[in-house]
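As structure tokens, the structure follows; a few thoughts come after it.
Quantities reported herein were computed from a predicted structural model and do not represent experimental measurements.
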Amino acid sequence: RDTWHATLCDFGASFMYQACEAKFHQAVEVRAWGLLLKDMVDRLMMVPGQEATAESLQQVVSSCLDQPPSSRPSFDHLGMTLATLQ
């Protein structure tokens with residue numbers, strides 16, 4: 001097949017939570033996003049000439065899957081990191 005298609009879904013937090021719990025819930029969402037990105041990076045590794053991009057994104061994936069969850073980046077930080085990748 002010559003084209004690839006992706007379907008993205010966001011279930012998000014389907015419940016109310018206290019502001020003091022926001023960092024924990026965001027860490028769960030960052031991990032889910034990191035798993036999606038990992039799948040995309042694995043596919044990108046198969047595209048000739050995209051190895052360097054895939055390696056840069058792999059570092060982002062690793063940070064999203066960090067343990068403990070409190071060490072994962074925020075989405076704001078991820079946005080800034082991704083903006084610097086070329």
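Within the model, atoms OG1 of Thr81 and CZ of Phe75 stand 12.5 Å from one another, a figure rounded to the nearest 0.5 Å. Here the straight-line distance linking atom OG of Ser62 with atom NZ of Lys38 works out to 9.5 Å at 0.5 Å rounding. The CG atom of Leu82 sits 10.0 Å away from the NE2 atom of His77 when rounded to the nearest 0.5 Å. Rounded to the nearest 0.5 Å, atoms CD (Gln58) and CG (Asp42) are 7.0 Å apart. Put simply, CG on Leu35 and CG on Leu37 are 9.5 Å apart, with the number rounded to the nearest 0.5 Å. Separation of atoms CZ (Arg72) and CG (Leu78) is listed at 11.5 Å; rounding is to 0.5 Å.
Taking every heavy atom of both residues into account, Pro69 and Ala27 meet most closely at O-CB, 3.6 Å. Heavy-atom minimum distance, Cys64 versus Gly34: CB-CA, 3.6 Å. Across Ser56 and Leu85, no two heavy atoms sit closer than the pair CB-CD2, 3.9 Å. The minimum heavy-atom distance linking Gln26 with Ser74 is given by the pair NE2-CB, 3.5 Å. Considering all non-hydrogen atoms of both residues, Asp66 and Ser71 come closest at CB-OG, 3.3 Å.
More than 12 heavy atoms of other shown residues, nucleotides or ligands fall within 6.0 angstrom of atom CD in Gln67. Within 6.0 Å of the CZ atom in Phe24, the count of heavy atoms belonging to other residues, nucleotides or ligands does not exceed 12.
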Go through the steps to decide whether Asp39 and Arg43 satisfy the test side-chain contact (heavy atoms from CB on, under 4.5 Å), and finish with yes or no. CA-CA 7 Å; Asp39 189 43; Arg43 286 176 167 76; 2.4 Å; yes
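A donor-acceptor pair is defined here as one N or O able to donate and one able to accept, closer than 3.5 Å; such a pair exists between the side chain of Glu51 and the backbone of Gly49.
Contact annotation: the side chain of Thr53 never approaches that of Val41 to less than 4.5 Å [non-hydrogen atoms, C-beta and beyond].
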